[in-house]
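Here the structure is laid out as structure tokens; the discussion comes afterwards.
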Amino acid sequence: MSTITTTTKDLIIIGGGPAGIAGSVYAARKELSTTLITEEIGGQSVVSEGIENWIGTVKISGADLATALRKHLDACKRDVVEVYENERVTALEHEGTIFKVTTGSNKTHYSRAVLIATGASRRKLDIPGAAQFENKGVTYCASCDGPLFSGQDVAVVGGGNAGFETAAQLLAYAKSVTLIHRHKDFKADPVTVAQLLKHPNMRVITHAETIEVRGEKFVTGLIVKDKDTGDITELPVAGIFVEAGVIPNTDFVKDLLAKDATQHLQVDPRTQRASVEGVWASGDCTDELYHQNNIAVGDGVKATEDLYHWIATHTKKS
Ligand SMILES: Cc1cc2nc3c(=O)[nH]c(=O)nc-3n(C[C@H](O)[C@H](O)[C@H](O)COP(=O)(O)OP(=O)(O)OC[C@H]3O[C@@H](n4cnc5c(N)ncnc54)[C@H](O)[C@@H]3O)c2cc1C
């Protein structure tokens, strides 16, 4: 069993998106000795061309938001928050009264408390041809790959906000955009849907299932099944932009913490406490009902306020 030593930090934060950076800024200001371990700083919306609901800023690109988060961290961290970037956490274990975190480069870090802020990653399109044609027409990033499909017909899979945002970006380059949605009603905001449906090059197919990606060297078509009639059609498209939801990055937790059916970490929404004492979780990796930048930041703050009091009353250096 491990014991608390001088190298044991008060806190390890895993993830450098809005939730993890909020936690890091608050931890620095509270003088909690902290290790931040993250694959990158900025989070999921770094690929977004324009975020229009980051409160206090009318419009900001995802890249500029990531830069602002990094600047805030750099301004606060001093020697209180140690940052390990380009590092993936592969395991979290509970050893006695402390936590052990292992990374992909086989380093180990120890702390009294842990804040998990690992967000979520894109759900892959799981149909024949999708993996084979990934980066050969099947793509997960409109702002990165959209210009490659200038003047061509493309499809977007997914009718949530991300799907419509992707379609909006693609309409600037593509000849036509066909959005395919599994359900009859869209999950996206009605204002966004109404705006895009007015565009002459925009088409939508609702209550339909994608069946197969076809191609030779590159994608040439997407097979779609009408869920009402069973009719199968091939959309002649060169690009397929997948916006089929996300999967929380919680695999490294294994069975240590309680998760819901979709692998989100279960937390107490008043405090962000996870199911094991000493662990908090914030942002898109949690079973929080709504996943947004502002919410992730608020969750990160809430967790750090709560864990600060917990650390003060529950643990002592030996
Ligand atoms: C294209 C797009 C556009 C969006 N637009 C908006 C918008 O306009 N407004 C809005 O409010 N929200 C938007 N969102 C949602 C928003 O980005 C998320 O709600 C927010 O990023 C969640 O923050 P987070 O810190 O919880 O997680 P994330 O942003 O996902 O950050 C997770 C962090 O953890 C790191 N990480 C993951 N796993 C590990 C691991 N095992 N080890 C170490 N590090 C790890 C990642 O590298 C990343 O730094 C958008 C999302 C996307 C994809």
Side-chain angles (χ1 to χ4, degrees), residues 12-25 35-66 69-70 73 83-92 101-105 107 109 114-123 139-144 146 156 158 160-169 188-189 192 241-254 263-265 267 272 280-301 303:
I12 292 174
I13 298 178
I14 310 171
I21 299 301
S24 302
V25 167
T35 300
L36 167 65
I37 307 170
T38 185
E39 289 190 290
E40 49 81 43
I41 289 176
Q44 283 167 62
S45 55
V46 70
V47 295
S48 178
E49 284 190 349
I51 296 166
E52 299 187 8
N53 54 9
W54 179 242
I55 300 305
T57 307
V58 176
K59 187 168 182 176
I60 187 168
S61 72
D64 286 347
L65 175 60
L69 292 173
R70 182 186 291 278
L73 173 67
V83 181
Y84 291 85
E85 220 175 319
N86 304 314
E87 191 75 292
R88 183 172 182 79
V89 168
T90 51
L92 169 65
V101 169
T102 308
T103 68
S105 60
K107 292 197 181 78
H109 301 265
V114 175
L115 170 56
I116 302 173
T118 44
S121 303
R122 299 295 183 84
R123 188 183 296 281
T139 163
Y140 293 82
C141 180
S143 55
C144 321
V156 173
N161 277 319
F164 274 88
E165 190 184 318
T166 290
Q169 288 183 30
D189 299 336
T192 314
F241 290 79
V242 184
E243 292 293 349
V246 290
I247 306 175
N249 298 316
T250 56
D251 48 340
F252 66 91
V253 167
K254 302 189 178 75
Q263 301 302 301
H264 290 88
L265 299 175
V267 292
Q272 302 301 132
W280 283 255
S282 293
D284 285 18
C285 65
T286 72
D287 63 350
E288 161 80 64
L289 261 189
Y290 307 105
H291 291 147
Q292 288 277 284
N293 283 315
N294 294 293
I295 293 172
V297 163
D299 284 355
V301 171

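In this chain, numbering begins with 1 at the start of the sequence shown. Numbering of ligands and ligand atoms starts at 1, following listing order.
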key: E87-T38 side chain donor-acceptor pair, cut-off 3.5 Å   = no

task = Determine whether V114 and W280 make a side-chain contact, defined as any pair of heavy atoms from C-beta on separated by less than 4.5 Å.
result = no

key: A162 and ligand 1 - part of the residue with a heavy-atom distance under 4.0 Å   = neither

remark   = On a heavy-atom basis, the closest approach of P248 and Q263 is CG-O, 3.3 Å

request  = May I ask you to say whether E40 pairs ionically with R70, meaning some side-chain N is under 4.0 Å from a carboxylate O?
outcome  = no

task = Heavy atoms only: give me the nearest V46-A66 pair and the separation to one decimal.
result = CG2-CB, 4.0 Å

request  = Using the test ring-ring contact (aromatic ring centres under 6.0 Å, His included), find all partners of Y84 that sit at least two apart in sequence or belong to another chain.
outcome  = H109

remark   = Heavy-atom nearest pair, C285 first then A117, reads SG-CA, 4.2 Å

query = Can an N or O of S48 be found at a distance shorter than 3.5 Å from an N or O of ligand 1?
reply = no

key: Residue G283 vicinity, atoms of ligand 1 by number, heavy atom under 4.0 Å   = 26 (O)

query = Does a side chain donor of either E39 or N86 reach within less than 3.5 Å of an acceptor in the other side chain?
reply = no

request  = Starting at CG of N249, measure out to NE2 of H264 and round the result to the nearest 0.5 Å.
outcome  = 9.5 Å

request  = Using a 4.0 Å heavy-atom threshold (strictly under), name the region of N249 that reaches ligand 1: side chain, backbone, both or neither.
outcome  = side chain

inquiry  = Side chain, backbone, both or neither: which applies to N53 and ligand 1 if a contact is any heavy-atom pair less than 4.0 Å apart?
reply    = side chain

inquiry  = Out of E39, Q44, E288, K59, who is nearest to atom 28 (P) of ligand 1 when you count heavy atoms only?
reply    = Q44

key: T166-E243 side chain donor-acceptor pair, cut-off 3.5 Å   = yes

inquiry  = Nearest 0.5 Å, please: how far is OG in S24 from CD1 in I41?
reply    = 8.0 Å

query = Among protein heavy atoms, which sits nearest to atom 26 (O) of ligand 1, and what does the distance come to when rounded to 0.1 Å?
reply = D284 N, 2.9 Å

key: Closest to atom 1 (C) of ligand 1 (judged by heavy-atom distance), picking from R122, E243, E52   = R122

remark   = atom 20 (C) of ligand 1 has as its nearest protein heavy atom N293 OD1, 3.3 Å

Winner among G42, G16, S45 once heavy atoms are compared against atom 17 (O) of ligand 1 = S45

ask   = For S45 and N293, what are the C-alpha separation, side-chain angles and deciding distance, and is it a side chain to side chain contact (heavy atoms under 4.5 Å, CB included)?
value = CA-CA 8 Å; S45 55; N293 283 315; 3.3 Å; yes

Ligand 1 contact by A117, heavy-atom criterion under 4.0 angstrom = yes

ask   = Among protein heavy atoms, which sits nearest to atom 34 (O) of ligand 1, and what does the distance come to when rounded to 0.1 Å?
value = G15 CA, 3.2 Å

key: ligand 1 to V89 polar contact by distance, N or O atoms, under 3.5 Å   = yes

query = Considering only protein heavy atoms, which is closest to atom 31 (O) of ligand 1, and at what distance to one decimal place?
reply = G17 CA, 3.5 Å

inquiry  = Return the closest protein heavy atom for atom 37 (C) of ligand 1 as residue, atom name and distance.
reply    = T118 O, 3.2 Å

query = What atoms in ligand 1 come closer than 4.0 Å to a heavy atom of A120?
reply = 30 (O)

inquiry  = Out of all atoms in ligand 1, which are within 4.0 Å of some heavy atom of H291? Include the element for each.
reply    = 19 (O)

message = If you define the side chain from C-beta out and look only at heavy atoms, does anything of Q44 sit under 4.5 Å from H291?
response = no

inquiry  = Side chain or backbone, does G20 bring an N or O within less than 3.5 Å of an N or O on ligand 1?
reply    = no

Distance filter under 4.0 Å to G43 heavy atoms, resulting ligand 1 atoms = 28 (P), 29 (O), 31 (O)

request  = Check whether any side-chain heavy atom of F164 sits under 4.5 Å from a side-chain heavy atom of D189, and report yes or no.
outcome  = no

query = Looking only at protein heavy atoms, which one is nearest to atom 27 (O) of ligand 1, and how far off is it?
reply = G119 CA, 3.2 Å

query = Heavy-atom contacts under 4.0 Å between A296 and ligand 1: side chain, backbone, both, or neither?
reply = side chain

ask   = Under 4.5 Å between any side-chain heavy atoms of D284 and V246, yes or no?
value = no

Heavy atom of the protein closest to atom 47 (O) of ligand 1 (residue, atom name, distance) = E40 OE2, 3.1 Å

ask   = Does E87 have a heavy atom less than 4.0 Å from any atom of ligand 1?
value = yes

remark   = ligand 1 to A19, heavy atom cutoff 4.0 Å, flagged ligand atoms 25 (O), 26 (O)

task = Just need the protein heavy atom nearest to atom 3 (C) of ligand 1, so name the residue and atom and give the distance.
result = E165 OE1, 3.8 Å

